Q: 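Please read through the structure below; I'll follow up with questions.
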There are 2 protein chains.
Amino acid sequence: MNVKPQATVTLAEVAEAAGVGESTVSRVLRNHGSFSQKTHDRVMAAVERLGYVPNRIAGALASAGSRLVAFVIPSLSNIVFPDVLRGAGGVLETSHYQSVFAVTDYDPGREEAMVAAMLAWRPSAVMLAGLEHSEGTAKMLRASGCRVVELLDLDGTALDLAVGFSNAAAARASAEFMLRRGYRRIGYVGHDLVRDTRAGKRFAAFCAALEAEGKPLVGREIHAGASSVEAGRLGLERLLARVPDLDAIYFSNDDMALGGYFHCMARGISIPSQLAIFGYNGLDMARVTPQPLSTIRTPRVAVGQVAAQLVLDDAPSQTIDLGFELIEGETA
Amino acid sequence: MNVKPQATVTLAEVAEAAGVGESTVSRVLRNHGSFSQKTHDRVMAAVERLGYVPNRIAGALASAGSRLVAFVIPSLSNIVFPDVLRGAGGVLETSHYQSVFAVTDYDPGREEAMVAAMLAWRPSAVMLAGLEHSEGTAKMLRASGCRVVELLDLDGTALDLAVGFSNAAAARASAEFMLRRGYRRIGYVGHDLVRDTRAGKRFAAFCAALEAEGKPLVGREIHAGASSVEAGRLGLERLLARVPDLDAIYFSNDDMALGGYFHCMARGISIPSQLAIFGYNGLDMARVTPQPLSTIRTPRVAVGQVAAQLVLDDAPSQTIDLGFELIEGETA
DNA sequence: CTGCATTTTGGCAGCGCTGCCAACAGGAAT
DNA sequence: ATTCCTGTTGGCAGCGCTGCCAAAATGCAG
């Protein structure tokens with residue numbers, strides 16, 4: 001009942017209140033080592049009575065293990081990353097790991113700064129999006145000795161662990177699907193693909209696959225900023241103004257594709273007979289539109305889960321391909 | 001060039017390498033206190049050469065200031081919370097604060113556990129969603145001595161700082177708008193409003209406002225789980241099956257409303273002449289649908305920004321109302 | 001009871017950094 | 001030259017906890 005007014009309670013105070021040694025309190029609280037039931041009860045009673053909250057900062061310093069996992073992600077607006085965080089968070093939580101994050105806005109320079117800042121917390125692992133990082137980032141990461149997990153991309157070389165799928169393969173599958181459906185005048189509407197390297201890889205692989213079949217991309221419209229539904233809508237409008245006779249559009253992701261879908265609805269362009277639409281990501285929302293979107297479903301939550309589990313298991317360096325699924329939908 | 005192979009570099013090693021005292025290195029690195037330019041250069045050179053990364057765990061312990069801000073949020077699937085994180089993260093970053101987060105799934109018991117876990121890191125502030133917390137959560141928070149910011153709800157009593165808007169007022173504004181537009185047989189499609197207390201408050205205030213005008217709610221359909229586009233679509237379908245002659249629907253949020261919107265499109269129900277739709281949140285996407293959604297725009301990113309700024313400024317306890325904006329849209 | 005194997009327990013030295021304080025080094029003023 | 005003052009610098013005691021080790025308590029067979 002009588003909680004100390006201000007001063008933060010320390011383990012030493014709990015020990016004194018319980019009439020035992022500090023290390024005994026520590027053992028009981030971490031349920032590590034051996035102690036009698038009687039001691040356990042006395043300690044817990046004191047903890048309860050004083051309202052003791054362990055100081056993990058001190059604990060981490062003493063044991064050189066922070067149980068912190070750092071996420072350095074490009075964005076929180078793109079649902080992909082919250083999904084990954086969600087998957088990983090669920091797994092980490094059960095082992096009493098905490099998640100720290102920082103957002104890079106797709107900027108390698110900022111990524112480097114954020115990684116440095118995170119490393120200062122001596123995390124158990126750092127999770128990053130993609131395989132492309134600055135020289136400095138890679139160097140710091142290697143020197144840090146902590147686990148590194150690169151997510152959502154397998155088209156390249158990983159530093160340590162990598163969990164994801166091949167963006168290039170997904171794009172090729174999309175291209176083959178669209179050609180198989182008979183589309184011949186295919187356009188692309190995308191967003192900044194220099195900064196979003198995964199979108200860039202998809203675009204490159206998609207174009208290559210079309211060319212391999214002798215049906216090169218007919219037109220493209222690239223929005224300078226981040227992907228969004230609005231950018232997709234505007235992008236399609238602009239592209240159609242320039243190149244009206246397209247029969248299908250490959251979008252850089254589902255957000256963009258939804259924008260295109262809405263544009264067609266607003267303009268009375270019938271899908272897919274007049275214009276087919278194909279996306280990427282497999283957002284939940286895109287399954288519920290009047291016509292389900294044709295797209296690639298990526299296992300984003302699973303990527304987070306598997307990544308977290310690998311870290312918990314202290315697995316050896318490896319690359320895990322979680323694949324993707326082509327959703328035929330009704331828009332292409 | 002020659003980075004030590006494994007062992008983590010400490011400040012003491014940097015001090016020795018630079019030929020200065022430890023406290024001097026500390027002062028230079030934190031740019032705090034005075035030192036000569038020459039010393040500064042020598043220290044920075046040593047830092048560079050050894051690849052030193054400060055250990056903030058040790059720093060936090062020694063200075064009793066973690067510069068960590070803890071977010072305990074209900075969900076990452078609902079874009080509302082990533083938006084808040086984004087706003088706060090942007091502001092915190094400039095002051096070298098780090099964000100830690102945990103997800104409660106709208107469960108007060110889990111919230112309590114997560115708050116306890118976060119408090120163990122001695123954060124500078126804890127940010128929570130809403131004003132409803134368990135007895136234990138409130139007690140811990142008060143005893144912790146750290147700043148507490150309750151977000152996105154002002155209808156109740158705050159523990160310390162509160163930043164948001166009144167959900168009740170937003171719901172009343174929605175009701176009045178719908179009545180003014182002439183809708184008379186209004187239904188509600190929502191999600192779990194016991195766990196999502198803010199949605200619950202909106203629902204209650206909305207019903208009260210309708211009743212005050214003698215036009216009580218005609219029907220309701222409540223999905224047991226979290227909000228989603230799919231739940232909105234199914235909810236509307238079910239509600240219309242039971243109560244076909246509605247002329248407008250108030251949805252618990254924009255995700256649900258989009259689901260309803262898609263249902264109408266799929267069934268050829270014309271909006272708003274046959275059925276009007278009104279949402280809540282003002283998602284970007286909802287502005288780009290063929291008809292922009294009628295809804296309430298909430299300043300989610302600003303909530304995060306202001307909350308973070310208050311913490312940085314060590315502002316006195318207060319409540320800040322950031323208001324909301326009614327978007328007339330074309331669906332109601 | 002004794003001796004020995006276990007189980008419990010407490011003491012204490014750090015973990016790497018910061019805060020405080022005393023100690024200096026140069027000038028400028030006297 | 002002496003005194004002061006301002007600007008720099010190093011030493012060292014913790015911050016609160018964990019890991020290690022030795023000491024104490026307990027159990028049990030002989």
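Because the structure is a prediction, the values reported are computed rather than measured. Just so we're on the same page: letters track the sequence lines, and every chain starts at 1.
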Q: Going by distance alone, is a donor N or O of one side chain under 3.5 Å from an acceptor N or O of the other, for B:His133 and B:Glu112?
A: no

Q: Between A:Tyr52 (OH) and D:dG16 (P), how many Å, whole number?
A: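 It works out to 10 Å between those atoms.
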
Q: Under a 4.0 Å N-O cut-off, is there an ion pair linking A:Glu132 with A:Lys201?
A: yes

Q: Inspect the contact between A:Asp83 and A:Arg86 and indicate whether a charged nitrogen and a carboxylate oxygen are less than 4.0 angstrom apart.
A: yes

Q: Whole Å only: how far is the CZ atom of B:Arg27 from the P atom of C:dC21?
A: 14 Å

Q: What does A:Ser36 touch in the nucleic acid at a heavy-atom separation under 4.0 angstrom: a base, only the sugar-phosphate, or nothing?
A: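 Contact class for A:Ser36: sugar-phosphate only.
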
Q: Please pick, from D:dC17, D:dG10, C:dT9, the nucleotide with the shortest atom-to-atom distance to any side-chain atom of B:Val20.
A: D:dG10

Q: In terms of side-chain heavy atoms of B:Thr24, which of D:dC20, C:dG14, D:dG10 is nearest?
A: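 Of the candidates, D:dG10 comes closest.
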
Q: Classify the angle between the aromatic ring planes of B:Phe101 and A:Phe101 as parallel (below 30°), tilted (30 to 60°) or perpendicular (above 60°).
A: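 Perpendicular: the ring planes of B:Phe101 and A:Phe101 meet at over 60°.
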
Q: Starting from the 5' end of DNA chain D, give me the residue, A:Val25 or A:Lys38, whose nearest nucleotide shows up first.
A: A:Val25

Q: Measure from CZ on B:Arg122 to C1' on D:dC17 and round the result to the nearest Å.
A: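 Checked: the CZ to C1' distance equals 11 Å.
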
Q: Would you mind reading off the distance between B:Leu61 atom CG and C:dC17 atom P, rounded to a whole angstrom?
A: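 Roughly 12 Å, once rounded to whole Å.
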
Q: Looking at D:dG19, D:dT8, C:dG10, which one has an atom nearest to any side-chain atom of B:Thr39?
A: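 The closest nucleotide is D:dT8.
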
Q: Less than 3.5 Å between a donor and an acceptor, one on the side chain of B:Ser23 and one on the base of D:dG11, is that the case here?
A: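 Answer yes: a donor N or O sits under 3.5 Å from an acceptor.
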
Q: Would you say B:Ser63 reaches C:dC17's phosphate, i.e. side-chain N/O to OP1/OP2 under 4.0 Å?
A: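 Answer is no, no contact under 4.0 Å.
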
Q: How close or far is atom C1' of C:dC15 from atom CD of B:Glu13, stated in whole angstroms?
A: 13 Å

Q: Once you round it to whole Å, what is the distance between P of C:dC15 and CH2 of A:Trp121?
A: 19 Å

Q: Ignoring hydrogens and geometry beyond distance, is the side chain of B:Arg30 in donor-acceptor contact with the base of C:dG19 at under 3.5 Å?
A: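 No pair found.
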
Q: Any idea which of C:dC17, D:dT9, C:dT8 is nearest the B:Thr10 side chain?
A: C:dC17

Q: Could you check whether atom CD of B:Glu16 has more than 12 heavy atoms from other residues, nucleotides or ligands sitting under 6.0 Å from it?
A: no

Q: Under the 3.5 Å rule, do the base of C:dG16 and the side chain of B:Arg56 count as making a donor-acceptor pair?
A: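 No, the side chain and the base share no sub-3.5 Å donor-acceptor pair.
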
Q: For B:His40 and for A:Pro54, locate the closest nucleotide of DNA chain D by heavy-atom distance; then report the residue assigned to the nucleotide nearer the 5' terminus.
A: B:His40

Q: If I take atom CD in residue B:Glu22 and atom C1' in nucleotide D:dG14, what distance separates them, rounded to the nearest angstrom?
A: 13 Å

Q: Which one, D:dT9, D:dG16, C:dT9, comes nearest to the side chain of B:Phe35?
A: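 Among the listed nucleotides, the one closest to the side chain of B:Phe35 is D:dT9.
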
Q: Starting from C1' on D:dG11, measure out to CD on B:Glu16 and report it in whole angstrom.
A: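 Spelled out: CD on B:Glu16 to C1' on D:dG11 is 15 Å.
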
